[in-house]
2 protein chains.
Amino acid sequence: MPNIADIIEEYIKARLSRSNGGIVVMRRSELAEKFQCVPSQISYVLNTRFSFNRGYIIETRRGGGGFIRVIRVSLDESEDILDIIYEKIGDEISLGECINLIKYLYDEELITKREAHLMENVLEVTTPNNGVQGSGRQRAAIFKAMLMVLLRHDK
Amino acid sequence: MPNIADIIEEYIKARLSRSNGGIVVMRRSELAEKFQCVPSQISYVLNTRFSFNRGYIIETRRGGGGFIRVIRVSLDESEDILDIIYEKIGDEISLGECINLIKYLYDEELITKREAHLMENVLEVTTPNNGVQGSGRQRAAIFKAMLMVLLRHDK
DNA sequence: TGAAGAAGGTCAAAGTAGGTCTAAAGGTCA
DNA sequence: TGACCTTTAGACCTACTTTGACCTTCTTCA
């Protein structure tokens, strides 16, 4: 029994890839209707699966004629990927956020699946995932070091 | 008279060999129901019979739509890597030895150049290369965690 | 202009499902 | 038989999902 959240996620992703420009506009209540769930379920999916760290931007408008716009952020070659990534990582970072970023890099085809697993394993082994003092800082340092290598060397 | 643990083990192995790709996805509570035991019994079987050391990788998810995925690693295809994990690394290992092994893996085309760089860098960043207490053990753990990824055949 | 209605936002509680730990029971073997 | 290892059961923990009540923002129209 796959859960509704996953189904809605797939649906939005399918629409995104069908769209040109990676933009989908929808009405929250309509989607909820379509999937027979409460509207806040849509918000939940958006928050957990289409976060900024996973490479999406959400724009919304309330009131009559309201909408939700999901925008897939693709990096173009000219942008300094490192800067963007570094900004997202900051001085400390949680394991969950790392995994989101890794997913994003994989979706963007900047890293392979194996490299993604490799990084995840390293982060899991090297840093405790619960709020142990300093673990967030250590994780950020290791993650940055790994990204540095990946982004400096071609596949 | 075989015990429940053995029966569950056989069941999972049967499903694995019936599957293509050596992957089985299941629900812990359902299996427990099927075999009339407590759910933690399933965890016990997984921990004792399907550990990484025995050639399996377990992935799980909690909450609604949760599951347990058992992935069988192809042991024969991974002889070199297993040999490194069990024979060469041991409980501790020096940075120099790691680098030699990584070089070997690259020469054998078991890893890409980028993966080699990644591994080396991680080991350099995470563990001091001079005889600091315990660093050899930590290095061994990290190296093994990274090599585990190479055993997966789900790409 | 301001009240009504139409969206989306937020948050907490309840529900679902796997993880961990430990005590007790069951086997094995010298 | 006693020491030791394995298995079983259950209490409690943590993570993820679903639902619903209530809040805020925006548009429309009298």
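Side chains included, hydrogens not; waters and symmetry mates left out as well; all remaining heavy atoms used. First the proteins, then the strands, lettered A, B, ... as listed; each starts at 1.
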Integer-rounded Å distance: [N] [atom2] and [X] [atom1]:
X	N	atom1	atom2	answer
L46(A)	dT10(C)	CG	P	11 Å
Y44(B)	dT20(C)	OH	P	16 Å
L31(A)	dG9(C)	CG	P	12 Å
D6(B)	dT7(D)	CG	P	7 Å
N3(B)	dA9(D)	CG	P	11 Å
N47(A)	dG8(C)	CG	C1'	12 Å
M26(B)	dT16(C)	CE	P	21 Å
F67(B)	dT17(D)	CZ	C1'	14 Å

Any side-chain N or O of T48(A) under 4.0 Å from OP1/OP2 of dC16(D)?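 False: T48(A) side-chain N/O out of range (4.0 Å or more) of dC16(D) OP1/OP2.
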
Beyond-backbone contact of L118(B) with I111(B), side-chain heavy atoms, under 4.5 angstrom: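 With C-beta onward as the side chain, the pair stays apart.
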
Any side-chain heavy-atom pair of V70(B) and L46(B) under 4.5 Å: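 Side chain of V70(B) against side chain of L46(B), heavy atoms only: contact under 4.5 Å found.
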
Selection from [options] that lies nearest to any side-chain heavy atom of [X]:
X	options	value
R62(B)	dT24(D), dA15(D), dA9(D)	dA15(D)
I4(B)	dA9(D), dT19(D), dT18(D)	dA9(D)
R61(B)	dC21(C), dT8(D), dT17(D)	dT17(D)
R28(A)	dC16(D), dG8(C), dA9(D)	dG8(C)
R27(B)	dC11(C), dA17(C), dT18(D)	dA17(C)
S40(B)	dT6(D), dC21(C), dT17(D)	dC21(C)

Quick check against the 3.5 Å criterion: does S40(A) have a side-chain atom that pairs as donor or acceptor with the backbone of S43(A)?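 Not a single qualifying donor-acceptor pair exists.
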
N/O donor-acceptor pair under 3.5 Å between K103(B) side chain and C98(B) backbone: no

Here's a test of your reading of the structure: between Q36(A) and G65(A), which maps to the more 5' nucleotide of DNA chain D?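 Checking each residue's closest nucleotide, the 5'-ward one belongs to Q36(A).
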
Closest-nucleotide mapping onto DNA chain D: is A5(B) or G63(A) further toward the 5' terminus? I mean the 5' end. A5(B)

Does the Lys NZ or Arg CZ of K13(A) fall within the cation-pi geometry relative to Y56(A) - under 6.0 Å from the ring centre and within 45° of the axis?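 No, a cation-pi geometry is absent between K13(A) and Y56(A).
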
Indicate, with a heavy-atom threshold strictly under 4.0 Å, whether R69(B) touches base, sugar-phosphate, or nothing.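 The residue R69(B) makes no contact with any strand.
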
Regarding dG9(C), can its base be found pairing with the side chain of S43(A) as donor and acceptor, where the two atoms are less than 3.5 Å apart?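 It does not, because no donor-acceptor pair links the side chain of S43(A) to the base of dG9(C) below 3.5 Å.
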
Does any N or O donor sit under 3.5 Å from an N or O acceptor when you compare the side chain of T60(A) with the base of dG8(C)?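 It does not, because no donor-acceptor pair links the side chain of T60(A) to the base of dG8(C) below 3.5 Å.
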
Applying a 3.5 Å limit to both distances, which nucleotide forms a Watson-Crick or G-U wobble pair with dA30(C)?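 In the structure as shown, dA30(C) has dT1(D) as its Watson-Crick or wobble partner.
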
Picking from I8(A), I7(A), L31(A), what satisfies side chain to side chain contact (heavy atoms under 4.5 Å, CB included) with V45(A)? I8(A)

